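One structure is given below, encoded as structure tokens.
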Amino acid sequence: MGAPAFQAAGVNLKVVPIPPGTPDATPQVSAGLGDNPDGVVVIGESTLCTSVFKALGTVSTTAEKMTIQPCSDPAVVEAVGNQNLNGTKVFTASVINADDPETQLYKAIMAKYAPDTDIEGFAIIGYQGMLGLVRATESVQGTDTSPAALTAAIKSAKDVVLPAGYGLKFTCDGKAMPGMVSVCGSGGIVETFENGELVDPQLV
């Protein structure tokens, strides 16, 4: 899927796979940087993120660094260090450092029901999934909570506010992304790492 999508935007894509659990990703990172790319996108869970960003910190590159939300896990930030992450763009669907009502609701709920849980990393993904499901099925009436009733409610829900989504909304009618009927939204948020914190959220 990646190559055609990037080509349609006039961008060449090179994928460098890294086996899970790789402690030192320097060989793979060096191979990926061999063509002097304009940008590097890191996609993986927190352990892989740590390995790759440490490697990016030891090699010389002017490529713009980009990643996804799991790489913003506090454990990654602590292991990699602020200097190696500064300026990295993080593509996500949630914001925790903002004053909007959805972000404040998330913080209030976590403070009351899970005060010992870090609100960054994977916690907000679970929160979005559960509260998003609740909001998308609000039209279910009576005691009929059958799969058919829930599915119908989700498919008919329009412009549902995404929990902690900084203004994003979702509609699960199968039209958000061509060819992927289970995707309910095509919008996103880009934040920037600055001294270990994600700042300047922008809707895209």
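The structure presented is a predicted model; accordingly, all values stated were derived computationally and were not measured.
Between R135 and E102 a salt bridge is recorded (basic side-chain N to carboxylate O distance below 4.0 Å). The existence of a salt bridge linking K158 and D173 is confirmed by a sub-4.0 Å separation between a basic side-chain nitrogen and an acidic carboxylate oxygen.
At a threshold of 4.5 Å between side-chain heavy atoms, the hydrophobic network of Ile, Leu, Val, Met, Phe, Trp and Tyr places M66 and V16 in two separate groups. F53 and V15 fall into different hydrophobic clusters, defined by Ile, Leu, Val, Met, Phe, Trp and Tyr side-chain heavy atoms under 4.5 Å apart, directly or through other members. In this structure, V95 is not a member of the same hydrophobic cluster as V90, with clusters built from ILVMFWY side-chain heavy atoms closer than 4.5 Å.
Of all heavy-atom pairs between T171 and A157, the closest is CG2-O, 3.6 Å. When all heavy atoms are compared, the tightest approach of P37 to A63 is O-CB, 3.4 Å. Nearest heavy atom pair, residue G196 against residue V77, reads CA-CG1, 3.9 Å. In terms of heavy-atom proximity, M110 sits nearest to A123 at CE-CB, 4.2 Å. Minimum heavy-atom separation, I189 to G165: CD1-O, 3.5 Å. Taking each heavy atom of A3 and L13 in turn, the nearest pair found is N-CD2, 3.6 Å.
Checking side-chain atoms of T151 against main-chain N and O of A148 turns up no donor-acceptor pair under 3.5 Å. No donor-acceptor pair closer than 3.5 Å links the side chain of T22 to the backbone N or O of I18. Judged purely by atom type and a 3.5 angstrom limit, K107 uses its side chain to pair as donor or acceptor with the backbone of I96. No side-chain donor-acceptor contact under 3.5 Å links S51 to the backbone of L48. Of the possible polar contacts, none joining the Q202 side chain to the T192 backbone as a donor-acceptor pair under 3.5 Å is found. In this structure, N97 contributes its side chain and L198 its backbone to a donor-acceptor pair below 3.5 Å. With T103 contributing its side chain and D99 its backbone, the two residues share no donor-acceptor pair below 3.5 Å. Here the side chain of T137 pairs no donor or acceptor atom with the backbone of V140 at under 3.5 angstrom. A distance-only check finds no donor-acceptor pair linking the side chain of S30 to the backbone of P27 [under 3.5 Å].
Heavy atoms from other residues, nucleotides or ligands lying under 6.0 Å from NZ of K169 number 12 at most. Within a 6.0 Å sphere centred on NZ of K54, heavy atoms belonging to other residues, nucleotides or ligands number 12 at most.
By the 4.5 Å heavy-atom criterion applied to side chains, V59 and L33 are counted as neighbours. Between F170 and C172 the shortest side-chain heavy-atom distance falls below 4.5 Å. When side chains are defined from C-beta on, F91 does not count as touching E191, because their heavy atoms never get closer than 4.5 Å. Side-chain contact between V42 and I68: absent, with no pair of heavy atoms (C-beta onward) separated by less than 4.5 Å. Residues V40 and E64 fail the side-chain proximity criterion, which asks for heavy atoms closer than 4.5 Å.
Rounded to the nearest 0.5 angstrom, T92 OG1 and Y166 OH are separated by 13.0 Å. Atoms CE and CE, from M177 and M180 in turn, are 6.0 Å apart once rounded to the nearest 0.5 Å. Taking CD1 of I154 as the start and SG of C184 as the end, the distance is 7.5 Å to the nearest 0.5 Å. Note that the CG atom of L85 and the OG1 atom of T67 stand 9.0 Å from one another [nearest 0.5 Å]. Once rounded to the nearest 0.5 Å, the distance linking SG of C71 with CZ of F193 reads 8.0 Å. Taking OH of Y106 as the start and CD of Q104 as the end, the distance is 12.5 Å to the nearest 0.5 Å.
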Begin from the C-alpha positions of Y127 and L105 and carry the test side-chain contact (heavy atoms from CB on, under 4.5 Å) through to its verdict. CA-CA 11 Å; Y127 168 86; L105 176 63; 3.7 Å; yes
Evaluate side-chain contact (heavy atoms from CB on, under 4.5 Å) for I119 paired with I124, printing each intermediate quantity in order. CA-CA 6 Å; I119 65 172; I124 198 166; over 6 Å; no
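A donor atom on one side chain and an acceptor atom on the other are found under 3.5 Å apart for T47 and E45.
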